[in-house]
Every structure is written in C-alpha cells, then in structure tokens.
Amino acid sequence: ELAGLQRVSAELNSTLDLNRLLHIALEEALRVTQADFGSVNLYDAQLGHLVAHTEQVSFEHLHPAAQPLTPNALTLATMPALLTQALRTGKAVLVGDVRANNSGPNLGGDLTRAKVVVPIFYGDEPAGLINLESAQADFFNQEQQRYLEALANQAGVAIGNTQAYQ
C-alpha cells in the first residue's frame, strides 16, 4: 500500500498536465478498490462548480436501465448531497447501500449500491472529489477509505502545484 502511494505520488508530481494528473489519481483509486464506477471532479471555488474531469465506468455492468451522470458542471445547490457533504466537511463519506441512503444520481445509475466520496483539498481549500461506486452493497471499507484519503492528499498537492504553474 505504501509503495503504491509512493509510486503514484512520484507520477502525480512528475506532470503539470491537469488531465493526466486526474487520470492517474482515478486509475489508482480504481486499481486499489476495484470499484465499478469512478470519477475525479475539480471544484471551482470562485464559481461554486464541481466539474467531472475524468470518469470511468465498467461497461460490462451497465444495461439499458442504467442512467449514468453526465459530466456537466454541478453547483453546490444542484450536486448530490453526499458530494456537497464531503466538500463542506472536508471528510470522506462512505455509504454501504445508496438505496437506503437516497444519495442522489450515481455514475452507475440504478446499478450503484455502495459509494465512497473523498474530498481533495489544497491547503484549506477544496480542490475536488474522488467519487467511487460499486454495484455491490457494503463494498468499500475503512482501509480503502484511508488509502483514498492519502491519495486525495497527494492529488491535492499536485493539483495545487499545477494550477499555480498555469
């Protein structure tokens, strides 16, 4: 786990390409957790918008009834409550069964059962979110959440460095 985080940290800090950086973060989050659906979103504090920059959906799980989220900008007023909660509190949100929680729209549509949302901060400011979902209830655990929090910390530093450079 530590070796993986060190490897990803080196990759994240070796690029100033924001899209590449977000792709690396999402790939690592999906690799470690084996989640079915995932996205990394950037938060624009000035506009109050959350924008999906990179998404990955395991298409073998999807069927015509699934209605994935579209990567449009969401405002704090229109984004799902779990995303708002993670941004406002600065704490990860882990939901074992979204059907019992009414978590709002999901990347996997009706197929999503479990979800973990981890905020990305640069300093004291929200920079984005890692949003992972599974078609299996109670899929995510505290160990995965801790790893994702460490990954989000690394991503936050890299995002801040990239934005400062631009």
Side-chain angles (χ1 to χ4, degrees), residues 1-57 68-95 98 103-107 112 114-134 140-166:
E1 187 173 294
L2 182 58
L5 201 53
Q6 289 173 335
R7 178 187 53 77
V8 169
S9 178
E11 280 187 68
L12 289 173
N13 289 306
S14 69
T15 184
L16 292 174
D17 178 343
L18 190 57
N19 288 326
R20 171 87 179 116
L21 186 155
L22 297 173
H23 181 76
I24 291 167
L26 179 58
E27 287 295 317
E28 178 64 8
L30 290 169
R31 183 190 70 77
V32 167
T33 64
Q34 298 296 301
D36 297 311
F37 319 106
S39 67
V40 176
N41 309 275
L42 284 183
Y43 181 67
D44 183 330
Q46 291 178 337
L47 297 176
H49 287 171
L50 186 69
V51 179
H53 267 264
T54 186
E55 290 185 357
Q56 184 166 323
V57 175
L69 284 177
T70 56
N72 297 328
L74 298 171
T75 66
L76 283 174
T78 62
M79 74 178 70
L82 291 179
L83 305 184
T84 304
Q85 179 183 345
L87 276 178
R88 287 192 172 151
T89 65
K91 297 185 186 308
V93 180
L94 193 150
V95 180
V98 298
S103 69
N106 298 299
L107 293 168
T112 296
K115 183 173 194 142
V116 62
V117 180
V118 181
I120 300 171
F121 274 73
Y122 180 64
D124 293 333
E125 297 298 316
L129 293 169
I130 298 172
N131 176 34
L132 300 179
E133 301 173 6
S134 174
F140 300 104
N141 60 49
Q142 295 293 322
E143 185 177 320
Q144 291 169 322
Q145 179 181 323
R146 281 190 296 277
Y147 186 87
L148 292 170
E149 289 169 340
L151 176 63
N153 287 337
Q154 295 295 324
V157 171
I159 289 168
N161 291 342
T162 298
Q163 290 175 337
Y165 182 76
Q166 296 173 349

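FYI, the numbering just counts along the sequence from 1.
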Which side-chain N or O atoms in residues 150-159 pair as donor and acceptor under 3.5 Å with protein atoms at least two apart or in another chain?
{"residue": "Asn153", "atom": "ND2", "partner": "Glu149", "partner atom": "O", "Å": "3.4"}
{"residue": "Gln154", "atom": "OE1", "partner": "Ser9", "partner atom": "OG", "Å": "2.7"}

Sidechain-backbone polar pair: Glu27 side chain, Ile24 backbone, donor-acceptor under 3.5 Å: no
Exam field: side chain Glu133 to backbone Leu107, donor-acceptor pair closer than 3.5 Å: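 Looks like yes, one N/O pair under 3.5 Å.
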When rounded to the nearest 0.5 angstrom, what distance separates [atom1] in [X] from [atom2] in [Y]?
| X | Y | atom1 | atom2 | value |
| --- | --- | --- | --- | --- |
| Leu132 | Thr33 | CG | OG1 | 4.5 Å |
| Gln145 | Glu143 | CD | CD | 11.5 Å |
| His23 | Thr15 | NE2 | OG1 | 11.5 Å |
| Gln142 | Leu94 | CD | CG | 6.0 Å |

Could you report the tightest heavy-atom contact between [X] and [Y], atom names first, then the distance?
| X | Y | value |
| --- | --- | --- |
| Ile130 | Ala29 | CG2-CB, 4.1 Å |
| Val118 | Ala92 | CG2-CB, 4.0 Å |
| Gly90 | Phe121 | CA-CE1, 3.5 Å |
| Gly128 | Leu87 | O-CD2, 4.0 Å |
| Tyr147 | Leu5 | OH-N, 3.4 Å |

side-chain contact (heavy atoms from CB on, under 4.5 Å) partners of Gln6, counting only residues at least two apart: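 Counting only residues at least two positions away or on another chain, Gln6 forms a side-chain contact (heavy atoms from CB on, under 4.5 Å) with Leu2.
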Residues that Arg7 engages under side-chain contact (heavy atoms from CB on, under 4.5 Å), provided they are two or more places apart: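 So Arg7 forms a side-chain contact (heavy atoms from CB on, under 4.5 Å) with Glu11, Glu28, Arg31.
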Just wondering, do [Y] and [X] contact through their side chains at under 4.5 Å, heavy atoms?
| X | Y | value |
| --- | --- | --- |
| Asn106 | Lys115 | yes |
| Leu129 | Tyr43 | no |
| Asn161 | Asn13 | yes |

Ser39 versus Asn41, side-chain donor and acceptor atoms under 3.5 Å: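 There is such a pair (donor and acceptor under 3.5 Å, judged by atom type) between the side chains of Asn41 and Ser39.
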